[in-house]
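These values consider heavy atoms only, across backbone and side chains, with no hydrogens, waters or symmetry-generated copies.
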Amino acid sequence: MGARFEELAWRETPIGEISLRRRRDPSLDVDVYEVKLDDEFLMSSLFPVAEIELARLGLAPLAGGALDVVVGGLGLGYTARTALEDPRVRSLLVVEAIEDVIDWHRRDLLPFAAGLAADARTRFVRADFFAAVANGAGFDPEAPGRRFHAVLLDVDHSPRQVLHPSHADFYTVDGLRRLAALLHPDGVFALWSNDPPDSEFQRTLTEVFPTSVAHVVRFPNPLQGREAANTVYVARQ
């Protein structure tokens, strides 16, 4: 058994100090990988259910194969890794603002995400997801304006709880219309949120997309001994 606690990576970024750490949880007898931004926990390998469901729910409405998918926000890699498990996915473009997070995966620091960086379908793009939508150029620097079948986003805590003020405009009607322009007809936008379904944001989605559903994803919280829940919004052109 290794050390009970290890900081695997750390970096000062424009939005704060981001770190990846591994700790041994003696009560659960597992290694836990956690990402912190300054003193705030962003994600934990103890609670991957909703990140996994973001990919499953986001890809489920799509028909046919040869899907081109964007994942916004790499994090611990659960959403991207799950998307690759769908044999219909032809290409996966992962848009991540922090180079160090991409490096975690290239260095195989996260055993549960093994194979993500090495998969021939995966390409990492170091970019600000929200700026890429706002400027209209899109996510692929090699093909400006390229359209995708699905965009799966997990960056902010929720549409109301953003990590940086510059993200807020994305969650408006105008911001979502710019995103919709980067989707194929019948394409899907799926969004992870830490908050319960937000009726105001759902109304915003319906102004842009013909159909949208807020899925409540429930999972056990072993640290608190109770059930927890996240929301996955799925909107379709």
Side-chain angles (χ1 to χ4, degrees), residues 9 11 13-15 18 35 51 54-56 58-59 61-110 113-156 162-164 166-167 169-171 174-192 208-209 234-237:
R11 177 74 66 176
T13 77
I15 61 173
I18 193 165
V35 179
E51 287 86 348
L54 173 62
R56 291 177 177 167
L59 297 180
L62 294 168
L67 301 179
D68 298 318
V69 179
V70 169
V71 168
L74 176 55
L76 295 176
Y78 285 106
T79 300
R81 191 72 190 85
T82 303
L84 288 175
E85 292 172 2
D86 189 323
R88 300 175 301 158
V89 172
R90 172 175 59 188
S91 70
L92 181 72
L93 196 69
V94 182
V95 181
E96 171 56 53
I98 301 172
E99 180 65 35
D100 290 71
V101 176
I102 297 173
D103 188 56
W104 299 347
H105 291 269
R106 287 179 172 151
R107 292 164 57 196
D108 288 328
L109 295 181
L110 302 161
L116 170 57
D119 194 298
R121 295 170 292 170
T122 303
R123 181 152 61 95
F124 296 118
V125 173
R126 193 274 189 204
D128 182 327
F129 175 96
F130 302 95
V133 174
N135 64 29
F139 306 114
D140 189 345
E142 297 178 6
R146 178 186 172 191
R147 294 191 174 201
F148 294 84
H149 299 96
V151 173
L152 315 174
L153 177 60
D154 178 5
V155 174
D156 293 313
V162 296
L163 295 181
H164 192 275
S166 63
H167 300 180
D169 184 64
F170 173 80
Y171 301 101
D174 288 343
L176 292 172
R177 281 180 177 152
R178 287 189 284 268
L179 181 279
L182 299 172
L183 290 171
H184 286 299
D186 297 325
V188 169
F189 167 56
L191 170 71
W192 175 91
V208 179
F209 297 93
V234 179
R236 191 174 185 187
Q237 294 265 57

* Begin from the C-alpha positions of V70 and V125 and carry the test side-chain contact (heavy atoms from CB on, under 4.5 Å) through to its verdict. => CA-CA 10 Å; V70 169; V125 173; over 6 Å; no
* **F170 and F189 aromatic ring geometry - parallel, tilted or perpendicular at 30°/60° bounds** => perpendicular
* Asked: Should I102 and R126 be marked as a side-chain contact (heavy atoms from CB on, under 4.5 Å) after you check the CA-CA gap, both sets of side-chain angles, and the distance that decides it?
  -> CA-CA 8 Å; I102 297 173; R126 193 274 189 204; 4.1 Å; yes
* **Lys/Arg-Asp/Glu bridge criterion (N-O < 4.0 Å) met for D103, R11** => no
* Asked: Any side-chain heavy atom of R106 sitting closer than 4.5 Å to one from F124?
  -> yes
* Does any non-hydrogen side-chain atom of L74 lie less than 4.5 Å from one of L116? -> yes
* To do: Evaluate the side-chain proximity of V133 to F139: yes if any heavy-atom separation is below 4.5 Å, no if none is.
  => yes
* Any donor and acceptor pair, going by atom type alone, linking the side chain of D119 with main-chain N or O of G115 inside 3.5 Å? -> no
* Could you walk me through whether L59 and V89 pass the side-chain contact (heavy atoms from CB on, under 4.5 Å) test, one step at a time? => CA-CA 9 Å; L59 297 180; V89 172; 4.0 Å; yes
* Asked: Of all heavy-atom pairs between A83 and A55, which one has the smallest distance, and what is that distance?
  -> N-CB, 3.8 Å
* Where at least one partner belongs to residues 77-86, residue pairs that pass side-chain hydrogen bond (donor to acceptor under 3.5 Å, both in side chains), sequence neighbours excluded -> D86-R88
* Asked: Does some side-chain heavy atom of V101 sit less than 4.5 Å from a side-chain heavy atom of I18?
  -> yes
* Asked: Is the backbone of V69 close enough, under 3.5 Å, to the side chain of H149 for a donor and an acceptor to pair up by distance?
  -> no
* Minimum heavy-atom separation for D68 to S91, with atom names? -> OD1-OG, 2.7 Å
* Asked: Taking all non-hydrogen atoms of both residues, which atom of L84 and which atom of R121 are closest, and how far apart?
  -> O-NH2, 2.9 Å
* To do: Report the C-alpha separation of I98 and W104 in whole Å, then their side-chain angles, then the decisive distance to 0.1 Å, and conclude whether the side-chain contact (heavy atoms from CB on, under 4.5 Å) test is met.
  => CA-CA 10 Å; I98 301 172; W104 299 347; over 6 Å; no
* Would you find a donor on one side and an acceptor on the other, under 3.5 Å apart, between the side chain of R146 and the backbone of G138? -> no
